[in-house]
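Below is one structure, written out as C-alpha cells; the observations come after it.
Letters go in sequence order (proteins before strands), and every chain restarts at 1.
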Amino acid sequence: MFALVDCNNFYVSCERAFQPHLEGKPVVVLSNNDGCLISRSAEAKALGLRMGEPYFQVKDQLQRHQVRVFSSNYALYGDMSGRVMHYLSSRVPDVEVYSIDEAFLDLRGMERYHGNLAAFAQTLRQQVRKRTHIPVCIGIAPTKTLAKLANRVAKKVPTLNGVLYLDSEPRRQWALAQVPVEDVWGIGQQYATKLHAQGITTAAHLAAMSEGWARKHLGGVVGARLVRELQGVPCLTLAPSEDGTLARQSIACTRTFGKPLSAYPDVLGAVAAFTTRAAEKLRRQHSAVHLLTVFISKNRFGTEPPPYTFSTTLQLPVATSDTAELIRYARTALKRLWLPNTQFKKAGVIFDGLEAAGQQQLSLFEPTAKIKQRDRLMADLDQLNTRYGTGTVGFAVAQVYKGAAGVEWAGRQQQRTPAYTTNFEELWHIQMDGPRLPRRP
DNA sequence: TCTGGGGTCCTAGGACCC
DNA sequence: TCTGGGGTCCTAGGACCC
C-alpha cells in the first residue's frame with residue numbers, strides 16, 4: 001500500500017506559516033524574476049487566477065482584489081520542505097521524496113502498528129500541521145498512480161477531511177469517476193486532447209481500456225503501466241530517498257535575466273555563476289560530470305522568428321567536479337555560441353552524464369596529487385560558503401558578491417520575505433510586548 | 001518594461017563492433 | 001531469385017512531472 005502526502009498550495013502555506021494574518025486571504029507566490037504565478041491560495045484560485053499566468057497580465061486584477069503577492073523564497077521553502085520530510089521519515093521506514101512538496105510512503109505492514117491506515121494518515125496530517133503549520137492531504141491506495149488520484153480527490157472533496165483510502169473496489173471505482181482524465185498522473189496536454197477526442201473524459205474511462213490499447217496510444221510501455229496502475233496492478237515501485245535527497249542524473253542552473261544582455265562579459269559572468277552553482281550541487285551529491293551543455297536564449301515572446309535558443313555540448317575528457325575547470329569548459333562552449341549584436345534574455349548550464357566522484361577514469365597526464373589538491377580546495381570553498389553564506393568565496397569571472405545588489409543579470413525579486421529559518425541576518429523577529437507576552441511552549 | 005526553473009523516462013535511429 | 005545476425009552506445013526528440 002502506498003500513501004502520497006502532498007502539501008496544499010505549498011509556497012503560499014510556507015509564507016502563511018510566518019504570517020498567520022494571511023490565513024483566509026487571497027495570496028499568490030511568483031516564479032523567479034517575478035515572472036509567473038506558481039502558487040495560489042484557495043481564495044486566489046477562486047478569483048480565477050491560473051497556474052503559470054504571467055504576473056504583468058494580472059497585476060491590475062490582483063490589486064483590485066487585494067491579493068497579497070510574494071516573490072519566491074526558495075531558502076524558506078526548501079527548509080520547510082525538509083522539516084515536513086524529516087517528520088514523515090521518522091514515522092514510516094521508506095519515504096520517497098518525490099518533489100519539494102510531495103512524498104510517497106510505503107505503508108506495507110503498517111496496519112499491524114496503526115490499525116486503520118486512514119486513521120494513521122489523519123494523525124500524520126495533524127502532526128505535520130502542528131509541527132510546521134503546513135496543511136497536507138493524503139491519498140492511500142495499492143498503486144502509486146491511484147495514491148496520486150486519491151490525493152487529488154481528498155483535496156477536492158471537503159467532507160473527506162484531507163484523507164482518502166482506496167481500500168475497496170467500490171471506493172476505487174467511485175474515485176476514478178471523480179477525476180477528469182487530464183488530471184491523471186502521466187496524462188499531459190497532448191494525451192488529454194487525444195483522449196477527449198476519443199470520448200475518454202474521466203479516469204474511470206481510461207481505467208476501462210486495455211493494456212494493449214494504452215501501449216499503442218499513450219507512448220508505449222509508459223501508457224501500459226499507467227492503465228494497469230489505475231486498474232490496481234502495481235507497476236511502479238518506491239524509490240526511497242536517502243536523508244531526503246535524491247542523487248540526480250542531471251543537474252541544471254538556468255535563469256532569465258532581469259534585463260536583456262548583449263555584452264559578452266555580462267553573459268559570461270552569468271554563465272560562470274550558473275556553472276558555480278551547478279558545480280556546488282554536483283559536489284553535494286558526490287558526483288562528477290562528463291557532459292556539459294551551455295545555452296543562451298533570445299526573447300521568445302518578441303517579434304523575431306525562431307530559433308531562440310542556441311546550445312552546445314562538450315564532452316569532457318575526464319569527468320570532474322572542479323568549478324574552475326568547469327568554468328573553463330563553459331567559457332569555451334559560450335565562445336562557440338556567441339553572436340555579437342544580439343540581445344539575450346536567458347542562459348543556462350546543464351550537466352549530464354554524471355558519475356560517482358572518485359570513480360572517474362583518470363587522465364594519463366594529470367598527476368594524482370594535483371587532483372587531490374583541487375578536491376581539497378573545492379571542499380574548503382564549499383565549507384566557507386555553507387558557513388558564511390552563498391557567494392562568500394567564488395571566482396572573479398562569476399561576479400557573485402555576497403549581498404551584491406547588481407550583477408548585471410540579476411532578476412527582479414521585489415516582494416521577497418526574509419529567509420526566516422536559514423539566515424542569521426533574517427531570523428524571525430518577535431516583538432516583546434511587556435508582561436502580556438504569551439508564553440511559548 | 002513585463003512571460004520560471006528545475007527534473008524524469010522512453011523511443012527511434014545511426015554509428016560502430018564482432 | 002537469394003546480400004547475416006547479433007550486440008552496444010550515443011543522441012535527439014517527445015512526452016510527462018512539480
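A/Asn299 comes within contact range of no nucleotide atom at all, as no heavy-atom separation falls under 4.0 Å.
In the model, A/Arg283 has a side-chain atom that pairs as donor or acceptor with a side-chain atom of A/Thr323 under 3.5 Å. In summary, the side chains of A/His196 and A/Glu182 do present a donor paired with an acceptor at a separation below 3.5 Å, with no hydrogens or angles considered. Under 3.5 Å, the side chains of A/Gln61 and A/Arg64 contain no donor-acceptor pair of N or O atoms.
Between A/Trp185 and A/Tyr98, the ring planes are perpendicular. Angles over 60° get that label, and only those under 30° would be called parallel. Note on ring orientation: taking the six-membered ring where Trp is involved, the planes of A/Phe274 and A/Phe257 are parallel (angle under 30°, cut-offs 30° and 60°).
Regarding contacts with the backbone of C/dC18, a side-chain N or O of A/Lys148 is found under 4.0 angstrom from either OP1 or OP2. Side-chain nitrogen and oxygen atoms of A/Gln189 include none within less than 4.0 Å of the OP1 or OP2 phosphate oxygen of C/dA15.
One can place OH of A/Tyr191 at 10 Å from P of C/dC17, the figure rounded to the nearest angstrom.
For the C1' atoms, the distance from C/dG4 to B/dC17 is 14 Å, rounded to whole Å.
Of the residues in residues 27-59 of chain A, A/Ser31, A/Asn32, A/Gly35, A/Cys36, A/Pro54, A/Phe56 come within less than 4.0 Å of DNA chain B through at least one heavy atom, sorted by number.
A stem is defined here as three or more consecutive Watson-Crick or G-U pairs, each with both distances under 3.5 Å; for DNA chain C these stems are B:5-18 with C:5-18.
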